[in-house]
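Shown next, in structure tokens, is the structure this report addresses.
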Number of protein chains: 2
Amino acid sequence: MSEPTDTPCPVPASITAAWIGLMRAQRIVLAAIEADLKAAGLPPLGWYDVLLELARAPEGRLRPFEIEKRTLLTQYNLSRLIDRLEGKGLVQKELSGEDGRGRWVVITQDGRAMQARMWTVYSRALSDHVGRKLDASSADALAGLLAKLTD
Amino acid sequence: MSEPTDTPCPVPASITAAWIGLMRAQRIVLAAIEADLKAAGLPPLGWYDVLLELARAPEGRLRPFEIEKRTLLTQYNLSRLIDRLEGKGLVQKELSGEDGRGRWVVITQDGRAMQARMWTVYSRALSDHVGRKLDASSADALAGLLAKLTD
DNA sequence: GCGACATAGATGCAATAGCATGTACCTGTT
DNA sequence: AACAGGTACATGCTATTGCATCTATGTCGC
């Protein structure tokens, strides 16, 4: 006669609490930030990530696979996101001379302007939805703990 | 002649580090867990969330709007997720007598079995991808810091 | 140089998410 | 009772995502 295990849970409660908190916090804060961007008539955060990487890159250009690594976007989603960015004139695609398989993605002036415009809204949203909730030492501690999850 | 502000950033570095860490950690861990579920031939995590709430509810039934609050799903996404769950025989929809607008969503035996089956995989994934990375006190600390973000 | 395999990127198609709106029904006011 | 909201849920349409696969090129061993 075995004990009925109502919750057959080999996972410590502290672990599940951390995981649920991680999901909740990310969703809630992300939704709040996206809402602020949308309210300002700006595109979603994914666009910003790509534009920022390009803006920081030497000559404002990167290969798609480099963007992919930096942003955690999947290959097929990035391929289409780049098409959308190009459609809005924020980036240009160029053929790569060295590697016949490759393309260059180059940020345009409009793209740099959009990145800057998005940052004004994004930074304020970050202050509102993250900065207001955490002091510097808490933020450091949080970043440190989260980093443990990603190696 | 004004100084060029290379990074016009009123947001403390510790705040952006925490935010980027939050996004990265959530995406990486979620992707790992979803991959484990898929590898086991099981449906995505969203299904589990709904099934768990139903399994825990008295008589295994909830109104859609109750599920909505508990899971952070949007109304329209939940409406269709419930249809998919019903299509697989994991829940049933019943008309509500008291409130003519309402429906009940009732978990079936198959639904309970699926929730249990998913938990065996999910709990192992949690141990692998979270438990292995954090000791109990770190997990508690992380949960506490994340909770600060969501009030 | 040729074949086998890897890498970079694109794309057709099915599934899901987002948005706006629609349909019922409820609740309060006059 | 009639009306004016408000709440609960569904749904048509479009946009995005996920998956599998395709094309093109590069690399390595022989």
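The basis for the numbers below is simple: all heavy atoms, side chains too, and nothing from hydrogens, waters or symmetry mates. In what follows, chains are A, B, ... by sequence order, proteins preceding strands, each numbered from 1.
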Got a sec, which residues hit side chain to side chain contact (heavy atoms under 4.5 Å, CB included) with Asp49(B), two or more places apart in sequence or on another chain?
-> Thr71(B)

Which residues within residues 83-95 of chain A lie with some heavy atom under 4.0 Å of an atom in DNA chain C?
-> Lys93(A)

Contacts of type side chain to side chain contact (heavy atoms under 4.5 Å, CB included), residue Ala136(A), not counting sequence neighbours = Ser14(B)

Sequence neighbours left out, cut at 3.5 Å: what donor-acceptor pairs do the side chains of residues 75-91 of chain A make with other protein atoms?
unit_1, atom_1, unit_2, atom_2, d
Asn77(A), ND2, Thr74(A), OG1, 3.1
Asp83(A), OD1, Lys93(A), NZ, 2.7

Partners passing side chain to side chain contact (heavy atoms under 4.5 Å, CB included) against Ala40(A) (at least two apart in sequence or in another chain) = Leu42(A), Val121(A)

Please go through Trp104(A)'s hydrophobic cluster and name the other residues, only I, L, V, M, F, W, Y counting, with side-chain heavy atoms under 4.5 Å joining them.
-> Val106(A)

Report yes if at least one side-chain N or O of Asn77(B) is closer than 4.0 Å to OP1 or OP2 of dT16(C); otherwise report no.
-> no

Against the side chain of Arg80(A), the closest entry in dC13(D), dG18(D), dT25(D) is dG18(D)

Describe the nucleic acid contact of Glu34(B) in one word from base, sugar-phosphate, nothing, applying a heavy-atom distance below 4.0 Å.
-> nothing

What parts of residues 42-66 of chain B reach DNA chain C, counting only heavy atoms under 4.0 Å away?
-> none

Side chain to side chain contact (heavy atoms under 4.5 Å, CB included) with Asp99(B): which residues, sequence neighbours excluded?
-> Arg63(B), Ser96(B), Arg101(B)

Residue list, salt bridge (charged side-chain N to carboxylate O under 4.0 Å, His left out) with Glu94(A), at least two apart or on another chain | Arg61(A)

With Glu53(B) via salt bridge (charged side-chain N to carboxylate O under 4.0 Å, His left out) - residues at least two apart = Arg56(B), Arg70(B)

With sequence neighbours left out, which residue pairs that include part of residues 129-151 of chain A fulfil the salt bridge (Lys or Arg N to Asp or Glu O under 4.0 Å) condition?
-> Asp128(A)-Arg132(A)

According to the Watson-Crick and G-U wobble definition with distances under 3.5 Å, which dot-bracket string, read 5' to 3', encodes DNA chain D, using [ ] for crossing pairs and | for pairs with another strand?
-> ||||||||||||||||||||||||||||||

